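First comes the structure, then the notes that go with it.
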Amino acid sequence: MHNNSSNGQRVGTSAAAAGDAIVIVGAGIIGLDVALVLAERGLGPYITVIAEHLPGDTAATYTSPWAGCNFSGISGNDKNALKWDRLGYTHLTKLASEQGDEAYIRRTHSVEYWDEHVPHEKIKAISEYLEDFRELPSHELPPGVKFGISFTTLTLNAPKHIEYLFRRLKEQYGVHFVRHRFPTIQAAYASPTTKVVVNCTGIAAKTLPGVEDEKCYPTRGQVVLVKAPRVKRNIMRHGRDYETYVIPRPGTDGHVILGGYMQKGSSDGSTYSYETESIVNRCLKLCPELQQFDIIASFAGLRPSREGGARIEREEIVIDGKKKVLVHNYGAGGTGYQAGYGMALEAVSQVDDVLRDLERASRRARL
Ligand SMILES: Cc1cc2nc3c(=O)[nH]c(=O)nc-3n(C[C@H](O)[C@H](O)[C@H](O)COP(=O)(O)OP(=O)(O)OC[C@H]3O[C@@H](n4cnc5c(N)ncnc54)[C@H](O)[C@@H]3O)c2cc1C
């Protein structure tokens with residue numbers, strides 16, 4: 001398959017053929033987290049990540065570089081979201097401790113406010129694992145806020161974090177990357193040695209032939225990158241029809257992301273000065289340390305949302321008369337970084353049988 005790709009960066013020699021056994025379509029945080037989970041299991045040399053966009057690129061249809069980015073209480077209240085968040089928090093906390101600087105992740109104090117009541121089960125679930133969790137007493141809440149918490153969160157420099165994963169997967173684990181855009185999901189099985197394809201195509205899952213999931217929709221967000229070295233903490237306010245947040249960026253010279261918007265159904269990748277103005281005004285009210293700042297740039301990104309939450313599901317498909325395995329892992333919405341590792345563990349667990357066969361073959365080859 002790779003020989004035929006006009007803009008592919010790797011070729012499929014017989015020595016490299018085993019590298020096609022697992023094909024991950026998509027190199028956003030979701031595809032990279034799947035590659036990491038598999039690589040940590042010793043399967044790095046069997047993985048090829050194939051994507052139209054790779055870390056370092058920017059495009060309206062490539063969401064991951066635009067994220068804020070932190071762990072927050074923004075997720076849904078369903079069991080899956082709560083489970084993936086918990087696994088993600090544990091993973092990111094460990095990464096922050098062991099390789100925080102290289103991975104562009106930092107432990108950061110965070111305060112979150114809600115203008116409406118938050119379901120009790122959700123708060124109970126996150127209070128069990130968030131470090132330094134505290135429910136704020138009413139006298140600490142700003143006017144109009146019904147509920148607030150503080151805890152130690154993880155903040156990430158999103159574009160740098162995916163570049164770190166890209167480097168680490170290649171250099172430490174021998175994962176191959178190819179730049180290529182598939183016309184259909186079935187096209188990802190072009191190599192006869194491919195046993196399993198993991199579909200991590202983000203918002204493209206709505207339109208990609210062979211997937212065409214009608215439940216998917218984009219949720220647009222605009223953010224503003226500023227220089228404000230006095231800001232050292234996260235602060236977020238979840239309103240009825242707005243979302244305001246201030247997130248310092250690790251590994252920068254005092255850069256901070258200000259947000260934001262949650263515009264369901266909008267696939268507009270443009271930025272607007274009136275939105276920048278609204279974001280800045282809302283953040284100034286929320287965060288007194290923001291008094292002195294310089295605006296660097298505004299960005300817009302499209303969260304890959306899905307009615308009912310992310311889809312992690314195994315499907316058996318027939319390609320050229322042969323049964324093949326496809327695992328879907330898309331629809332992370334606004335939580336791809338915080339939940340991505342947990343989602344990856346679940347996606348990988350769905351193909352455990354195929355992976356065990358590969359592991360056996362690998363052991364035999366080494367004998
Ligand atoms: C403004 C904003 C703020 C956010 N803040 C946070 C935050 O604070 N915390 C958090 O956890 N999340 C946050 N998110 C959400 C997070 O960014 C997303 O959940 C995540 O990036 C989704 O990743 P993904 O890998 O599914 O999609 P993408 O990053 O879009 O990756 C999709 C990949 O699939 C490839 N692809 C698609 N179609 C094809 C094809 N046909 N052939 C080959 N390749 C294909 C693309 O090229 C790309 O490599 C934020 C998002 C936005 C927009």
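Bear in mind the structure is a predicted one, so any value in this text is a computation, not a measurement. Each ligand, and each atom within it, is numbered from 1 in the order the structure gives. Residue indices begin at 1 and follow the sequence shown.
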Check: [X] N/O within less than 3.5 Å of ligand 1 N/O:
X      : answer
Ala27  : yes
Ala51  : no
Val25  : no
Arg181 : no
Cys69  : no
Arg303 : no
Gln338 : yes
Thr63  : yes
Val223 : no
Ile30  : yes

* Top protein contact for atom 22 (C) of ligand 1, by heavy-atom distance ->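 Minimum-distance protein heavy atom for atom 22 (C) of ligand 1 reads Pro304 CG, 3.6 Å.
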* Among protein heavy atoms, which lies nearest atom 17 (O) of ligand 1, and at what distance? -> Ala67 CB, 3.4 Å
Closest to [atom] (judged by heavy-atom distance), picking from [options]:
atom                    : options                       : answer
atom 42 (N) of ligand 1 : Phe182, Tyr337, Trp66, Phe71  : Phe182
atom 16 (C) of ligand 1 : Gly333, Gly301, Ser75, Ala158 : Gly333
atom 36 (N) of ligand 1 : Ile29, Thr201, Leu54, Ile74   : Thr201
atom 49 (O) of ligand 1 : His53, Arg220, Arg179         : His53

* Asked: Is the closest side-chain donor-acceptor distance between Ser298 and Thr271 under 3.5 Å?
  ->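 Result is no, nothing qualifies.
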* Going by the angle between their ring planes, with limits at 30° and 60°, are Tyr272 and Tyr274 parallel, tilted or perpendicular? ->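 Correct class here is tilted.
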* To do: Take the angle between the ring planes of Phe177 and Phe166 and call it parallel below 30°, perpendicular above 60°, tilted in between.
  => perpendicular
* To do: Kindly say whether Asp20 contributes a backbone atom to a donor-acceptor pair with the side chain of Ser191 at under 3.5 angstrom?
  => no
* Between Arg306 (side chain) and Gly309 (backbone), is there a donor-acceptor pair under 3.5 Å? ->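 Confirmed, Arg306 side chain pairs with Gly309 backbone.
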* **Sub-4.5 Å side-chain heavy-atom contact between Val197 and Val327** => no
* Determine whether any heavy atom of His180 lies closer than 4.0 Å to an atom of ligand 1. =>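 Checking ligand 1 against His180, which is what was asked, there is a heavy-atom contact under 4.0 Å.
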